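Some notes on the structure that comes next.
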Amino acid sequence: MEKQPQLLQWLEIDLDALTHNVKALRAHLRAGTRFMAVVKKNAYGHGALAVSRAVLEAGADCLGVHCLEEAQELREGGIPAPILIMGPVLPSQAAVIIKRRLTATVIDKELARALADAGQRLSAVAEVQVKIDSGLNRFGVSPGEAPELINYLFTLPNIKVASLYSHFSSADEPDETPTRLQLERFLKLARLFPQIELLHAANSAAALHFPETHLHMVRVGISLYGFYPSATARKAVPLKPVLSLKTRVVRVHSIKAGEGVSYGLTWTASRDSTVALIPLGYGYGLPRLLSNCGEVLLRGRRAPIRGVVCMDQSIVDVTDIPNVRVGDEVTIIGRQGSEEITAGEIAELARTIHYEVVTRLPAALPRLYLHKEGNEPR
Ligand SMILES: *Cc1c(COP(=O)(O)O)cnc(C)c1O
């Protein structure tokens with residue numbers, strides 16, 4: 001493992017684990033099923049460019065992002081693969097979308113018309129995908145309104161309707177009814193347009209648990225990064241965690257029984273104690289809700305967080321961990337020896353989900369991309 005003594009806070013991204021996950025997930029699909037790697041929100045905090053390069057090399061067919069800015073970052077980084085923008089774009093962004101060879105999601109006539117106009121001006125064909133709202137009641141066109149929109153798209157010049165797609169509300173829940181109902185509604189609509197050859201609906205949860213939702217392509221996000229979509233999810237595929245969040249001890253000192261630590265002195269030592277300061281707090285993705293209840297890993301052991309987590313500093317109790325020194329590596333998310341703290345464990349304490357814990361990791365944190373020669377799963 002690479003040592004970077006000049007860094008005080010950093011992320012390590014295990015590209016071999018990422019490659020392993022893509023291959024393990026692909027192996028779970030019927031041969032010929034296409035694989036979209038979802039790299040929105042800086043690849044769920046893992047770093048959009050490096051992750052995109054690695055997953056494409058590992059066999060992903062295309063990329064999915066939420067907004068135009070994310071797609072542009074990938075193009076500027078030299079990624080030529082097909083990119084679907086899954087969220088809304090503005091009609092005024094039509095020309096850029098076409099020039100960058102991006103695929104927009106269309107749910108209304110206004111954007112369709114803007115893309116057709118821009119396509120004519122640029123003598124290029126705008127490839128679009130239509131998102132069907134089959135029951136999530138979020139972004140999409142309802143099955144009732146979709147036929148009119150799709151038929152309208154067919155009348156427009158310089159537009160190619162490449163795909164119909166949908167998104168599940170509850171594929172990570174034990175109750176399978178909503179998923180089955182949504183799939184049924186989506187396929188009923190899709191049967192009206194047999195000339196549209198690409199249908200997709202499955203996120204990670206559906207890809208893992210509902211083979212009948214795989215259709216022509218799956219869109220995998222969270223599981224690329226080694227996470228199961230929910231705690232109850234059956235572990236259908238062996239996945240490896242990709243990300244570690246690390247810092248190092250910058251001060252070790254003793255306090256007397258009765259003394260408190262951090263703002264508000266919300267924790268008071270019940271015995272003479274040794275505490276270590278780490279230069280990482282809620283501004284770096286360690287939720288403030290972990291004040292007085294979270295733990296970190298130090299010298300292979302769990303050290304409890306004492307007092308409140310500050311913006312860029314936190315204090316941990318090392319009274320029971322001998323020989324802690326300034327410079328010692330501290331793991332916030334990840335493994336040290338036989339101990340592991342997962343994003344899921346942090347999420348539970350912070351009353352949220354692992355998706356939020358990783359996507360809140362600041363883009364400005366240095367990311368060290370680790371991989372061995374050959375890129376074989378370790
Ligand atoms: C985020 C997203 C996905 C990926 O979801 P995961 O649960 O992370 O696999 C797939 N499709 C759409 C439309 C999304 O917004």
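Below, all heavy atoms of this structure are taken into account, side chains as well, without hydrogens, waters or symmetry copies. Remember, it's 1-based here, ligands and their atoms both numbered in the order they're listed. All residue numbers refer to positions in the sequence shown, counting from 1. Values in this document were obtained by computation on a predicted structure and should not be read as measured data.
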- Say whether F139 and L68 are linked into one hydrophobic cluster, either directly or through other cluster members, by side-chain heavy-atom distances under 4.5 angstrom. yes
- Message: Taking distance alone, with N or O pairs closer than 3.5 Å, would you say I222 contacts ligand 1?
- Response: yes
- Task: Check whether any heavy atom of F139 sits under 4.0 Å from an atom of ligand 1.
- Result: no
- Message: Pairing donors with acceptors under 3.5 angstrom, does anything connect the side chains of H200 and S163?
- Response: yes
- Show your reasoning for whether salt bridge (charged side-chain N to carboxylate O under 4.0 Å, His left out) applies to E295 and R301. CA-CA 10 Å; E295 293 177 324; R301 312 258 304 269; over 6 Å; no
- Nearest non-hydrogen protein atom to atom 9 (O) of ligand 1, with distance, is S204 OG, 2.5 Å
- Identify the closest protein heavy atom to atom 8 (O) of ligand 1: which residue and atom is it, and at what distance? Y44 OH, 2.6 Å
- Query: Would you call R360 and T352 a side-chain contact if the rule is heavy atoms closer than 4.5 Å?
  - Reply: no
- Message: Is it the case that the side chain of N292 and the backbone of G307 share a donor-acceptor pair, with hydrogens and angles ignored and the cut-off at 3.5 Å?
- Response: yes
- Message: I'd like to check whether S223 has a polar contact with ligand 1, where a contact means an N/O of the residue lying under 3.5 Å from an N/O of the ligand.
- Response: no
- The closest protein heavy-atom partner of atom 11 (N) of ligand 1 is R219 NE, 2.9 Å
- At what distance is the nearest protein heavy atom to atom 7 (O) of ligand 1, and which residue and atom is it? Y355 OH, 2.7 Å
- Message: Heavy atoms only: which of K40, H66, H167 lies closest to atom 15 (O) of ligand 1?
- Response: K40
- Determine, for K372 against D16, whether the closest basic-nitrogen to carboxylate-oxygen distance falls under 4.0 angstrom. no
- Can you list the ligand 1 atoms lying under 4.0 Å from a non-hydrogen atom of K131? 13 (C)
- Message: Taking the basic N atoms (NZ, or NE/NH1/NH2) and the acidic carboxylate oxygens, is any pair closer than 4.0 Å for E76 and R100?
- Response: yes
- Query: Any nitrogen or oxygen of G221, main chain or side chain, under 3.5 Å from a nitrogen or oxygen of ligand 1?
  - Reply: yes
- Note on the structure: Note: heavy atom closest to atom 5 (O) of ligand 1, options L136, N203, T105, belongs to N203
- State the NZ-OG1 distance between K131 and T105, to the nearest 0.5 angstrom. 7.0 Å
